[in-house]
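Below is one structure, written out as structure tokens, with a few remarks after it.
A, B, ... follow the sequence lines: proteins, then strands. Residue 1 opens every chain. Source: prediction; values computed, not measured.
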Amino acid sequence: MSVSVSVQEADFDTGAEIAALSAGQPEVGAVASFVGLVRDTSEGSDVSAMTLEHYPGMTEQALEDIVAEAMQRWTLHGVRVIHRFGPLLPGDQIVFVGVAGAHRGESFEACAFIMDYLKTRAPFWKHEETPEGGRWVDARESDESAAKRWSEGWDDIEQRR
Amino acid sequence: MSVSVSVQEADFDTGAEIAALSAGQPEVGAVASFVGLVRDTSEGSDVSAMTLEHYPGMTEQALEDIVAEAMQRWTLHGVRVIHRFGPLLPGDQIVFVGVAGAHRGESFEACAFIMDYLKTRAPFWKHEETPEGGRWVDARESDESAAKRWSEGWDDIEQRR
Amino acid sequence: MKVKVLYFASLREAVGCASEDLDVPAEVHTLGALRAFLAARGEGWEALGVGRNVRAALNQQMSGAEAALAAGDEVAFFPPVTGG
Amino acid sequence: MKVKVLYFASLREAVGCASEDLDVPAEVHTLGALRAFLAARGEGWEALGVGRNVRAALNQQMSGAEAALAAGDEVAFFPPVTGG
């Protein structure tokens, strides 16, 4: 069982991360994974560069909490989350989520769940450079609704304290 | 846009396949992927080895049809499917499905869809070696229901001709 | 009418045959009729019988019992698939 | 009561401050009250005002307006997150 979270400026090796999720664990039959990349357009504008700001200290904890919640909901054999910060260019990798399970159902669901929660709960903010100048990316309503389909959305988190 | 299907005995390089799905396509923001592996237990028995039989000729066509259906349902920028046949050992990779899209919703859904359809429509059969001898793996009812959740299950296919 | 018939996996083992060229009797017009015709052959072939979980492909496309046969077709019978 | 307050992303730019050590008035007991107190500071600080889409964390946990403040807490205000 391997569970780990990294917040880093450096790029990552997707193939190595996926291989590590099943290495030495012959009970793993299914690894679902996701890679998020910087796109070269956003809201109709060309994007030449991006900077990811984050909240050091809180970021790791937020990701670990999300992973812990996924592990309560599904029987998993491994979870790996990597999120980059700092300057990035179109085509660059931003985030990796990999989930190892016995069967595909739980691996797919947990991977999508972690991404949906990460999108609404992990303290990262995108600032992009466009021909019209720099601008902060607006949160998408669709991300809020994606997180809510897991039945505990943002509001619940706020009230849970 | 890259769409391709391979049926092969050889192993594959997951990281390279995922990277190829977004290479030169800066409009891709999300790559969802799945790797299926040989487990060392099945139905309570130890599995020491497995052989995947397939229907040469039909296999590629079946996978291509499944991918074509996914591309009709979602706006995708790339799909890659690899399925191995022949002798395999616990821990070995069996299948890879990778889907590139602009956003994560369609990539995740199309990837799960392709796996669900592959599990019920692609002509592969697993034969496993256990301490009780060799045996053919039984199809799982849960695979049929997983395919049906996309609203066109096996029965529709049968009747569509 | 001549067709080629293939058998896979546990069904191949049950009937003891991987592939055969078959001259189908005139009254056998569909996949379902071909299956019933083969199931009546005797020992081993009851694996194709009524109530058995058998899938079929006609010319390499998953097909149902009502699919019509034509000369030169490639037919395959097999158990539910278990790849992935 | 002393707390540390952090601001991120567009909110950091709007208020012109990344981090401050703040002596909170006695009547400010909750995150919501602190937000209202800061919003009243004037130019730029209206970005924390009513109707603005602001999130908050208390000691690095996402928290709501009713969360109670204690001396030494680390508070952060920021816009909805956009990572991933």
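Of all heavy-atom pairs spanning A:Lys119 and D:Val81, the tightest one is O-CG2, 3.3 Å.
In terms of modelled atom types and a separation under 3.5 Å, the side chain of A:Trp125 and the main chain of D:Ser10 share no donor-acceptor contact.
Note on D:Pro79, D:Ala76, D:Ala9, D:Pro80: by heavy-atom pairs under 4.5 Å with chain A, the leading option is D:Ala9. Between chain D and the residues A:Lys126, A:His54, A:Met115, the most heavy-atom pairs under 4.5 angstrom are made by A:Lys126. When each of A:Phe34, A:Tyr55, A:Phe96 is checked for heavy-atom pairs under 4.5 Å with chain D, A:Tyr55 comes out on top.
In this structure, CE on A:Met50 lies 8.0 Å from OG1 on D:Thr82, to the nearest 0.5 angstrom. One distance of note links CD of A:Glu60 with CD of D:Gln60; it measures 9.0 Å at 0.5 Å rounding.
Contacts between A:Asp143 and chain D at a heavy-atom distance below 4.5 Å are absent for every atom of the residue. Residue contact with chain D, scored on non-hydrogen atoms closer than 4.5 Å, involves the backbone of A:Ala122 exclusively.
Other residues, nucleotides and ligands contribute over 12 non-hydrogen atoms within 6.0 Å of the CD atom of A:Glu9. Around the CD atom of A:Glu43, the shell of radius 6.0 Å holds no more than 12 heavy atoms that belong to other residues, nucleotides or ligands. Within 6.0 Å of atom CD in A:Gln72, 12 or fewer heavy atoms from other residues, nucleotides or ligands are found, so the atom counts as exposed in its surroundings.
Looking at heavy atoms from C-beta onward, A:Met58 lies out of side-chain contact with D:Glu74 at the 4.5 angstrom threshold.
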